[in-house]
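Bear in mind that the values here come from a model prediction, so they are computed numbers and not experimental data.
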Amino acid sequence: MARIQGQHIKSIRTWGKHFLIELSGFSIRIHLLMFGSYRINERRESPARLSLQCSDHTELNFYACSVKFIEAELDDVYDWSSDVMSDQWNPAAARKKLRSSPQKLACDALLDQDIFSGVGNIIKNEVLFRVRVHPLSEIGALPAIKLRSLVDEARQYSFQFLELKKAFVLRQHWLAHNKRTCPRCNIPYKRAHLGATLRRSFFCEKCQKKYLLQI
DNA sequence: GAAAATGTTATCAT
DNA sequence: TATGATAACATTTT
């Protein structure tokens with residue numbers, strides 16, 4: 001931690017769920033993982049993993065998070081065009097990556113941070129419901145227009161997620177995640193732990209189509 | 001009060 | 001060596 005002392009903050013940046021504090025010659029990378037939290041000019045009772053006292057008297061505190069140093073230039077480490085909320089987001093590049101893995105499952109594709117940096121499990125469930133795609137669909141079997149809408153919805157819902165979160169009404173606007181019944185069909189959702197990482201999926205077997213590659 | 005979960009990464013197997 | 005499964009971490013919500 002000593003190397004941070006007295007350093008000038010050159011920039012604050014983000015790449016998906018990575019929170020980056022750029023100093024001269026290296027950067028601090030913070031990831032809140034499942035349970036992390038932060039406070040600005042406030043403190044929690046538990047000890048901070050990282051506490052920054054700035055010369056303008058701003059205090060940044062990070063709790064229960066991963067803190068790592070990045071020794072290289074951030075532009076050399078991160079592909080900003082894969083961040084769904086970046087100005088540099090490139091949906092065509094995302095579609096190209098998806099087309100290169102036709103057997104990948106839709107539920108895995110949305111959680112792939114190299115394609116959709118920033119998308120997590122809640123957004124995955126909400127996006128799949130909104131574009132009516134079954135989580136076990138194979139990416140290569142999606143019609144082009146459906147692939148396009150999935151990519152576009154990943155970005156669009158991510159911005160909506162942020163607005164709802166800031167207004168403290170995220171939860172009440174979920175259409176699929178943690179819900180019991182499909183609001184379109186009024187039938188019970190299926191829930192299962194799917195994909196490579198067995199994350200929770202909530203989906204309607206009636207209105208979310210399962211696209212599969214022909215054998 | 002137990003169990004599950006907004007996520008990633010280290011480690012061990014294959 | 002690359003890929004894959006499992007464990008580990010840590011805190012809030014159900």
In whole Å, what is the span from the [atom1] atom of [X] to the [atom2] atom of [N]?
| X | N | atom1 | atom2 | value |
| --- | --- | --- | --- | --- |
| A:N121 | B:dT8 | CG | P | 10 Å |
| A:L198 | B:dT8 | CG | P | 15 Å |
| A:K17 | B:dT6 | NZ | P | 11 Å |
| A:L111 | B:dT6 | CG | C1' | 11 Å |
| A:L170 | B:dT6 | CG | C1' | 9 Å |
| A:H177 | B:dA5 | NE2 | P | 9 Å |
| A:D112 | C:dT3 | CG | C1' | 15 Å |
| A:L32 | B:dT8 | CG | P | 11 Å |

Original post:
Do A:K97 and A:D112 meet the salt-bridge criterion of a basic N to acidic O distance under 4.0 Å?
Top reply: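 A:K97 and A:D112: not salt-bridged.
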Original post:
So does A:E71 pair up with A:R3, basic N to acidic O under 4.0 Å?
Top reply: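 Result for this pair is yes, salt bridge flagged.
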Original post:
Could you give all pairs that pass the ring-ring contact (aromatic ring centres under 6.0 Å, His included) test and reach residues 20-42 of chain A, with sequence neighbours left out?
Top reply: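 Applying ring-ring contact (aromatic ring centres under 6.0 Å, His included) to every pair that reaches into residues 20-42 of chain A, excluding sequence neighbours, yields A:H18-A:H31, A:F26-A:F69.
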**OP:** Just grab all the ring-ring contact (aromatic ring centres under 6.0 Å, His included) pairs involving residues 163-185 of chain A, residues at least two apart or on different chains.
**Re:**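 Listed once each, the pairs are A:W174-A:H177, A:H177-A:F202.
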Original post:
With distance as the sole test, does A:N121 use its side chain to make a donor-acceptor pair with the main-chain N or O of A:R200 at under 3.5 Å?
Top reply: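 Checking the backbone N and O of A:R200 against the side chain of A:N121, a donor-acceptor pair under 3.5 Å is found.
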Original post:
Looking only at atom types and distance, does a side-chain atom of A:K17 sit under 3.5 Å from a main-chain N or O of A:V119, one as donor and one as acceptor?
Top reply: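 Yes; judged by distance alone, with no hydrogens or angles, the pair exists.
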**OP:** Could you tell me whether the side chains of A:S27 and A:K10 share a donor-acceptor contact shorter than 3.5 Å?
**Re:**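 Judged by distance alone, the side chains do not pair up.
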Original post:
With no hydrogens and no angle check, do the side chains of A:W80 and A:D75 hold a donor and an acceptor under 3.5 Å apart?
Top reply: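 Yes - a donor-acceptor pair under 3.5 Å links their side chains.
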Original post:
Can you give one letter per nucleotide of nucleotides 9-14 of chain B, 5' to 3': B if a protein heavy atom sits under 4.0 Å from the base, S if only from the sugar-phosphate, - if neither?
Top reply: SS----
**OP:** Summarise protein proximity over nucleotides 9-14 of chain C in one line of letters, 5' to 3': B for base, S for sugar-phosphate only, - for none, counting protein heavy atoms closer than 4.0 Å.
**Re:** -BBSSS
**OP:** Look at the side-chain N and O atoms of A:R200 and state whether any lies under 4.0 Å from the OP1 or OP2 oxygen of B:dA4.
**Re:**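 It does not, given that no N or O in the side chain of A:R200 lies less than 4.0 Å from OP1 or OP2 of B:dA4.
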**OP:** Would you sort out whether A:F161 and A:V127 count as a side-chain contact (heavy atoms from CB on, under 4.5 Å), showing the intermediate values?
**Re:** CA-CA 11 Å; A:F161 182 106; A:V127 167; over 6 Å; no
**OP:** Would you mind telling me which of B:dA5, B:dT8, B:dT6 lies closest to the side-chain atoms of A:H193?
**Re:**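 Minimum distance to the A:H193 side chain belongs to B:dA5.
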**OP:** For A:R43, enumerate each residue passing the salt bridge (Lys or Arg N to Asp or Glu O under 4.0 Å) test, keeping only those at least two apart in sequence or located in another chain.
**Re:**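 Salt bridge (Lys or Arg N to Asp or Glu O under 4.0 Å) check on A:R43 returns A:E59.
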**OP:** Using the C1' atoms only, state how far C:dA5 lies from B:dT6, rounded to an integer number of Å.
**Re:**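 Here B:dT6 and C:dA5 have their C1' atoms 23 Å from each other.
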**OP:** Report the secondary structure of DNA chain B in dot-bracket form, marking unpaired bases with a dot and bases paired to a different strand with |, and treating Watson-Crick or G-U pairs with both distances under 3.5 Å as paired.
**Re:** .||||.||||||||
Subject >> Nearest heavy atoms of A:P183 and A:Y189, plus distance in Å >> reply: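 In terms of heavy atoms, the two residues are closest at CD-OH, 3.2 Å.
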